[in-house]
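In listed order, ligands and their atoms are each counted from 1.
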Amino acid sequence: MADLFNVYPLYDIEPVRASGSYLWDANGTRYLDLYGGHAVISVGHTHPHYVNALTEQLHKISFYSNSVKIPLQQELAEKLGNLSGHPDYHLFLCNSGAEANENALKLASFHTGRTQVVAFTKSFHGRTAGAVAATDNPAIIAPINYNQHVTFLPFNDIDAAIAGITEETCAVIIEGIQGVGGIHVATDDFWQALRQRCNETGAILIADAVQCGYGRSGKFFSHQFSGIEADIISMAKGMGNGFPIGGILISPKFHATYGLLGTTFGGNHLACTAAIAVLDIMRNEGLIENAVRMGDYLMDGIRQIGGYKDLRGRGLMIGIEYDFPVDALRKSLLFEHKQFTGVAGKNTIRLLPSLAIGVAECDMFLKALSLNKNNA
Ligand code: PLP
């Protein structure tokens, strides 16, 4: 019998349905979802508007290739441009975060004619060749040498960035808030220095907003706190609330030509419908504002509980670092308190709840955390 290739350590839990910030398993046990499957569930599970929009679209047409007009793509581009504050950027659609970064790096290389990439330590950009090349995490680098064109600089080190970005640099790729790397927030000064250095050298500034984007930080993109603009912004995860879709927003300075980028599935009818529904819900329900409010509420509560080594993040992207491995703490939260959380490294709890999370759900987490705060 064929079996699955066993690459994921799995909890013995099988969610069979979900609503808002909750999941239920086959026994009817309810779980609070503070992780959204790595920041994917942005507007909440099975939101009625999302379900209706996708169901209606399924009855019309789900796919045709990018050789015909698909007006849903234009609608998505307009709504995304407006809500994100980039009405003059262009949108290229693909299917995942790694693919978005791959296309961003490719576009930067076409545009500059250069090959050298600057990335930052502890970054994660995905698992395709270009994306893997921009990570220094040995766990995901195969012996094949992807890294020959990438220089890793320390995160948030302005002097190193000024020295390391040169006229040879094709692109600088950075996560505004490092997710897998441990919820480290790029400072405003760092973003501004990167922007200025890229202007001086002609390098392309790529904001990898795959995890920290789409309203999670309290702005549509976390680098918008710093007042700068990136040349290319990569997105995925929360964009489709579970429907696979990714994309890059591209500054007007890039020139599109036929065949420059391409994909079979990217921008299909169903994916666009999911992404449009997400943006409509985000706007109609003020979810970015909610991310600010609930993020502050959670941070305040966590501060009052204490017991941690460091508390980092912005909006609803929160890292609580302890001076002990958090495995037992997370197991207690999951099996005793029925709450899903995430992890970064060994010692940091990573919270990435839906942007629609409410006070009641935050309180449930804070209560469980206060009962467990010394769970070393
Ligand atoms: N970039 C960042 C910042 C991510 O966190 C991830 C995934 O975790 C990716 C890129 C890759 O996205 P995907 O898994 O959709 O390819």
Side-chain angles (χ1 to χ4, degrees), residues 7-9 35-42 92-108 117-137 139-142 146 150 152 155-156 171-186 191 205-217 220-223 230 232-249 263-268 271 274-275 278 312-319 340-345 348 350-353:
V7 292
Y8 302 116
Y35 191 55
H38 316 300
V40 168
I41 300 302
S42 47
F92 175 75
L93 290 164
C94 56
N95 309 288
S96 70
E99 218 187 312
N101 285 329
E102 202 74 47
N103 281 294
L105 291 166
K106 201 197 271 187
L107 183 57
V117 171
V118 163
F120 298 96
T121 50
K122 291 195 182 166
S123 297
F124 180 75
H125 300 293
R127 295 169 193 270
T128 54
V132 167
T135 175
D136 63 346
N137 181 347
I140 66 162
I141 301 171
Y146 294 124
V150 180
F152 290 94
F155 193 68
N156 274 337
V172 176
I173 182 166
I174 171 171
E175 291 178 78
I177 306 173
Q178 293 185 320
V180 175
I183 318 292
H184 297 282
V185 182
W191 272 113
L205 183 56
I206 301 171
D208 178 347
V210 167
Q211 190 165 146
C212 63
Y214 250 77
R216 178 158 296 285
S217 68
F220 201 94
F221 296 120
S222 70
H223 62 271
I232 306 176
I233 306 164
S234 52
M235 307 155 291
K237 295 200 187 288
M239 191 172 183
N241 200 50
F243 200 100
I245 179 168
I248 48 177
L249 274 172
T263 161
T264 298
F265 290 123
N268 69 70
V278 165
R312 298 185 289 270
R314 237 170 189 165
L316 288 172
M317 186 158 182
I318 297 175
F340 277 97
T341 58
V343 67
T348 304
R350 186 160 44 131
L351 300 181
L352 302 163

Next on the checklist: Can you list everything that forms a side chain to side chain contact (heavy atoms under 4.5 Å, CB included) with A236? Sequence neighbours excluded, please.
Outcome noted: V210

Checklist entry - Parallel under 30°, tilted from 30 to 60°, perpendicular over 60°: which one fits the rings of Y35 and H38? => result perpendicular

Checklist outcome for this item: Residue set satisfying ring-ring contact (aromatic ring centres under 6.0 Å, His included) with F155, at least two apart, ordered chain then number -> none

Checklist entry - Does a donor on one side chain sit under 3.5 Å from an acceptor on the other, for Q211 and R350? => result yes

Next on the checklist: As a test of reading the model: which residues have a non-hydrogen atom less than 4.0 Å away from ligand 1?
Outcome noted: S96, G97, A98, N101, F124, H125, G126, E175, D208, V210, Q211, K237

Checklist outcome for this item: Residues at least two apart in sequence or cross-chain that pass side chain to side chain contact (heavy atoms under 4.5 Å, CB included) with F220, listed by chain then number, are L80, L83, S84, Y214, Q224, L279, M282, I288

Item to check | Distance-only side-chain donor-acceptor flag, D136 / T121, under 3.5 Å | outcome: no

